[in-house]
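Input: one structure, supplied below.
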Amino acid sequence: MVFCAFHRKGMFIMMKDLKVIFMGTPDFSVNVLNSLIENTNVIAVVTQPDKLVGRKQVLTQPVIKKVALEKNIRVMQPTKIREDYQSIIDLNPDIIITCAYGQFLPKEILDYPKYGCVNVHASLLPKLRGGAPIHRAIIDGYTTTGITIMYMDQKMDIGDIISQRSIEIEENDNVGTLHDKLSLLGAELLIDTLPSIVSGQADRIVQNEEEVTFGYNISREDEHVDFNKTKIEVFNHIRGLNPWPVAYTILDDQEIKIYEAVIGENIYPDKSNGEIVKLYKDGIGIKVSDGEIILKTIKPSGSKKMSVKDYLNGFKERNNLIGKVLG
């Protein structure tokens, strides 16, 4: 499909002629970049600097850089874009599009492109402003989330809304599956929205500050499971961190990562929250404030990720687990 639009002065412009600078870093932004490459003229990609990763500290390129280089697109990696932005402006882009870039843009960049700076955000703003809206949508028990295309501002996610598209959060979703769905949705909505931006007919909906919630980045403390909460809260917490960075608890002074759990049916009013109350063939029942959560897939300290069934089969004194309290 060939996308086109009319400039507000009556000039006809093909989307393939639209000079785009794209700014993004993680996997989430790959589908957006690929859609832009297919439908517009991406003249450069701006991403975060390469960084040392893992125990061996291997210098690793952002995934967006790899995609751009494969397509022979210029890559720029300013350490501090607030200070090092002139080379971006010198490329004279018609529009700058960001998606999970990771740095705030200076006013000099925001004010430059004739069609503005536009961001693809993974929530239905003003809900879940911030760097971890997908995780927080699940953890906080949202049943619906989506994508917002918005004009950028100097502050975090406060710009005017151009378009939105929603998606249901299903009970079997985790942060990984929802991430992939929203990445595709973001790419689709952006391409559908671009003609209205270029034609000058795009909506500018001011965000309602009374409806603001936040999707702050996940801290180490956020990864720890609190079994004093309800079963639905614990269930959402675990799936909202699967497959990254993964929830954890402590058993016998050893960390156990929890990838998957299901809600149990039993109630144990005389037991302590966090107590192991029942061993199933393929699960470990844990007492929570209003019932039971059953662990299904875990990673014990020093071991690989495994099903609880395999974990219990390899545990010689498995019955000794009953009564222990996770902390």
Side-chain angles (χ1 to χ4, degrees), residues 20-33 35-36 46-48 62 64 78 80-82 85 88 95-113 115-167 169 175 178-194 196-197 202-219 222 240:
V20 175
I21 289 180
F22 178 75
M23 299 182 176
T25 301
D27 290 347
F28 184 82
S29 52
V30 170
N31 285 318
V32 176
L33 174 57
S35 290
L36 287 170
V46 181
T47 189
Q48 296 281 57
I64 281 293
K80 295 182 179 179
I81 198 169
R82 286 181 180 271
Y85 58 80
I88 295 170
I95 189 170
I96 291 175
I97 296 170
T98 71
C99 180
Y101 169 51
Q103 294 190 49
F104 288 104
L105 304 189
K107 191 173 187 298
E108 290 82 357
I109 288 181
L110 294 174
D111 291 345
Y112 184 81
Y115 300 124
C117 293
V118 172
N119 182 47
V120 181
H121 182 76
S123 80
L124 298 174
L125 292 171
K127 302 294 185 184
L128 297 173
R129 292 177 179 174
I134 306 176
H135 294 80
R136 296 293 183 184
I138 297 177
I139 292 171
D140 294 347
Y142 284 60
T143 57
T144 303
T145 187
I147 292 290
T148 298
I149 309 297
M150 59 179 289
Y151 286 110
M152 296 188 69
D153 199 286
Q154 285 185 279
K155 295 183 180 180
M156 182 180 66
D157 301 330
I158 69 167
D160 291 348
I161 295 167
I162 305 170
S163 63
Q164 293 184 317
R165 194 165 292 168
S166 64
I167 188 172
I169 301 176
V175 72
L178 188 59
H179 167 282
D180 293 349
K181 292 176 184 178
L182 286 170
S183 178
L184 290 169
L185 185 65
E188 176 186 277
L189 182 59
L190 175 65
I191 297 305
D192 288 348
T193 304
L194 271 178
S196 68
I197 296 173
D203 291 331
R204 293 197 73 124
I205 303 169
V206 178
Q207 294 187 43
N208 185 345
E209 292 296 318
E210 294 182 356
E211 297 180 356
V212 171
T213 63
F214 293 96
Y216 293 122
N217 287 334
I218 303 296
S219 67
D222 292 326

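Remember, it's a predicted structure, so these values are computed and weren't measured experimentally.
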| said: In the structure I gave you, are the side-chain heavy atoms of Asp157 and Thr148 within less than 4.5 Å of one another anywhere? | reply: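 In short, these two side chains do not touch, never coming nearer than 4.5 Å.
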
| said: What I'd like to find out is whether the side chain of Asp160 reaches to under 4.5 Å of the side chain of Val206, using heavy atoms alone. | reply: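 Yes, close enough: below the 4.5 Å cut-off.
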
| said: Holding to salt bridge (Lys or Arg N to Asp or Glu O under 4.0 Å), I want the full list of residues that pass it with Asp27, two or more places apart in sequence or in another chain. | reply: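 Listed in chain order: nothing, the list is empty.
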
| request: Identify the two heavy atoms, one from Ser166 and one from Thr144, that lie closest to each other, and give their separation to 0.1 Å. | output: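 So the minimum-distance heavy-atom pair works out to CB-CG2, 3.9 Å.
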
| task | Identify the two heavy atoms, one from Ile169 and one from Tyr142, that lie closest to each other, and give their separation to 0.1 Å. | result |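 Nearest pair, atom of Ile169 first, then Tyr142: CD1-O, 3.3 Å.
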
| task | Please step through side chain to side chain contact (heavy atoms under 4.5 Å, CB included) for the pair Val118 and Ile96, ending with a clear verdict. | result | CA-CA 6 Å; Val118 172; Ile96 291 175; over 6 Å; no

| field | Leu110 side, atom CG; Phe104 side, atom CZ - distance, nearest 0.5 Å | value |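 That separation rounds to 11.0 Å.
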
| request: Rounded to the nearest 0.5 Å, what's the gap from CD on Glu108 to CD1 on Ile81? Could you check? | output: 11.0 Å

| request: Could you grab the distance from atom CE of Met152 to atom CG of Leu105, nearest 0.5 Å is fine? | output: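 So the gap between those two atoms works out to 4.0 Å.
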
| query | Out of Val46, Leu33, Thr25, which one pairs with Ile64 under the side-chain contact (heavy atoms from CB on, under 4.5 Å) rule? | reply |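 It is Leu33; the other options fail the test.
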
| request: With the side chain counted from C-beta on, respond yes when Tyr101 and Ser29 share a heavy-atom pair under 4.5 Å apart, and no when they do not. | output: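 They are not in contact (no side-chain heavy atoms under 4.5 Å apart), so the answer is no.
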
| query | Any side-chain donor paired with an acceptor under 3.5 Å for Ser219 and Asp222? | reply |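 Result is yes, a qualifying pair exists.
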
| query | What's the spacing between Asp140 CG and Thr213 OG1 if we round to 0.5 Å? | reply | 7.5 Å

| note | Between Tyr115 and Tyr151 the two heavy atoms that sit nearest each other are O-CE2, 3.9 Å

| said: With a 4.5 Å cut-off on side-chain heavy atoms, are Gln103 and Gln48 touching? | reply: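 Touching, per the 4.5 Å side-chain cut-off.
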
| query | Does a salt bridge link Asp111 with Lys107, judged by any charged N lying under 4.0 Å from a carboxylate O? | reply |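 Judged by the 4.0 Å cut-off on N to carboxylate O distance, Asp111 and Lys107 do form a salt bridge.
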
| request: Sequence neighbours left out, what passes ring-ring contact (aromatic ring centres under 6.0 Å, His included) with Tyr112? Give chain and number order. | output: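 Testing Tyr112 for ring-ring contact (aromatic ring centres under 6.0 Å, His included), a comparison that skips the adjacent residues, returns none.
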
| said: What's the separation between atom CG in Leu182 and atom CZ in Arg165, rounded to the nearest 0.5 Å? | reply: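 Interatomic distance, Leu182 CG to Arg165 CZ, rounded to 0.5 Å: 12.5 Å.
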
| Close side-chain approach of Ile21 to Ile97, heavy-atom, < 4.5 Å | no

| request: If a pair satisfies side-chain hydrogen bond (donor to acceptor under 3.5 Å, both in side chains) and one of its residues is in residues 119-132, list it, with sequence neighbours excluded. | output: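 side-chain hydrogen bond (donor to acceptor under 3.5 Å, both in side chains) check on residues 119-132 returns Thr98-Asn119, His121-Ser123, Arg129-Gln207, Arg129-Glu209.
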
| query | Looking only at heavy atoms, what is the nearest atom pair of Pro126 and Asn208, with distance? | reply |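 Shortest heavy-atom contact: CG-O, 3.4 Å.
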
| request: Please report the shortest heavy-atom distance between Val32 and Gly186, naming the atom on each side. | output: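 Minimum heavy-atom separation between Val32 and Gly186: CG2-C, 4.2 Å.
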
| message | Against Ser163, only a single residue in Asp192, Thr193, Asp203 fulfils side-chain hydrogen bond (donor to acceptor under 3.5 Å, both in side chains); can you say which? | response |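 Option passing the side-chain hydrogen bond (donor to acceptor under 3.5 Å, both in side chains) with Ser163: Thr193.
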
| message | What's the separation between atom CZ in Phe214 and atom CZ in Arg136, rounded to the nearest 0.5 Å? | response |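 These two atoms lie 12.0 Å from each other.
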
| Any side-chain heavy atom of Leu190 within less than 4.5 Å of one from Ile147? | no

| note | Closest non-hydrogen contact found for Ser183 with Phe28 is OG-O, 2.9 Å

| said: Do Ile167 and Thr145 make a side-chain contact, defined as non-hydrogen atoms from C-beta onward lying under 4.5 Å apart? | reply: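 Yes, their side chains come closer than 4.5 Å.
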
